[in-house]
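Data block below; observations after.
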Amino acid sequence: MTRTKYLFFLFLLVNTAFGQSKIFLELPTNTPNGDPIYIAGNFQGWNPGKEGFQLQKSEKEGLYVIELNLPEGQVEFKFTRGSWTKVEANLDGSPRANRQYSI
């Protein structure tokens, strides 16, 4: 499997009331244009391009956002450009560990 070399350099998850979480993601300028950005994780079956889990472009250039109803407990996830061949990676192209967050 080939890994696309790009880095998601800002990730912010904001918990709001009733399990709603808003996730903000800022992409570096070298991220290829045109591909949608998705979140894949243990809360949605680890599907890298699942409908309903695509982040939306914000008014601010390079910023994406999604609001999800995440389950309580530990969630694990990664950002993709729609497939596992376009999953986020470290700067050197090596696999990045799953992101983790406790809800």
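In this chain, residues are counted from 1 in sequence order.
Annotation: the span from Tyr101 atom OH to Gln74 atom CD amounts to 10.5 Å, rounded to 0.5 Å. Residue Glu67 holds its CD atom at 4.5 Å from CD of Gln20, rounded to the nearest 0.5 Å. Note: Arg99 CZ to Glu76 CD = 12.5 Å, rounded to the nearest 0.5 Å. Distance CG/Leu25 to CD1/Ile37: 7.0 Å, rounded to 0.5 Å. Atom NZ in Lys22 sits 11.5 Å away from atom CG in Leu68 (nearest 0.5 Å).
For Ile39 against Ile23, the heavy-atom pair with the smallest separation is CD1-CD1, 3.6 Å. Minimum interatomic distance between Gln54 and Pro36 (heavy atoms only, all atoms of both residues): NE2-CB, 3.2 Å. When all heavy atoms are compared, the tightest approach of Ala40 to Trp46 is O-CZ3, 3.6 Å.
Every residue two or more places apart in sequence or in another chain was checked for a side chain to side chain donor-acceptor pair (under 3.5 Å) with Glu59, and none qualifies. The side chain to side chain donor-acceptor pair (under 3.5 Å) search around Asp35 returns Arg81, Lys86, not counting sequence neighbours. In this view, Ser58 satisfies the side chain to side chain donor-acceptor pair (under 3.5 Å) rule with no residue, not counting sequence neighbours.
Under the 3.5 Å distance criterion, the side-chain polar atoms of Asn42 are left unmatched by any main-chain donor or acceptor of Phe77. Of the possible donor and acceptor atoms, one in the side chain of Glu88 sits under 3.5 Å from a partner among the backbone N and O of Phe79. Side-chain atoms of Thr80 come within 3.5 Å of backbone N or O of Pro48 as a donor-acceptor pair. In this structure, Lys60 contributes its side chain and Glu26 its backbone to no donor-acceptor pair below 3.5 Å. Proximity of a side-chain donor or acceptor of Asp92 to a complementary backbone N or O of Ser94 within less than 3.5 Å is detected.
Screening residues 47-57 for salt bridge (charged side-chain N to carboxylate O under 4.0 Å, His left out), with sequence neighbours left out, gives no hits.
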Chi angles and distances behind the side chain to side chain contact (heavy atoms under 4.5 Å, CB included) call for Tyr38, Ile66: CA-CA 9 Å; Tyr38 292 89; Ile66 189 169; over 6 Å; no
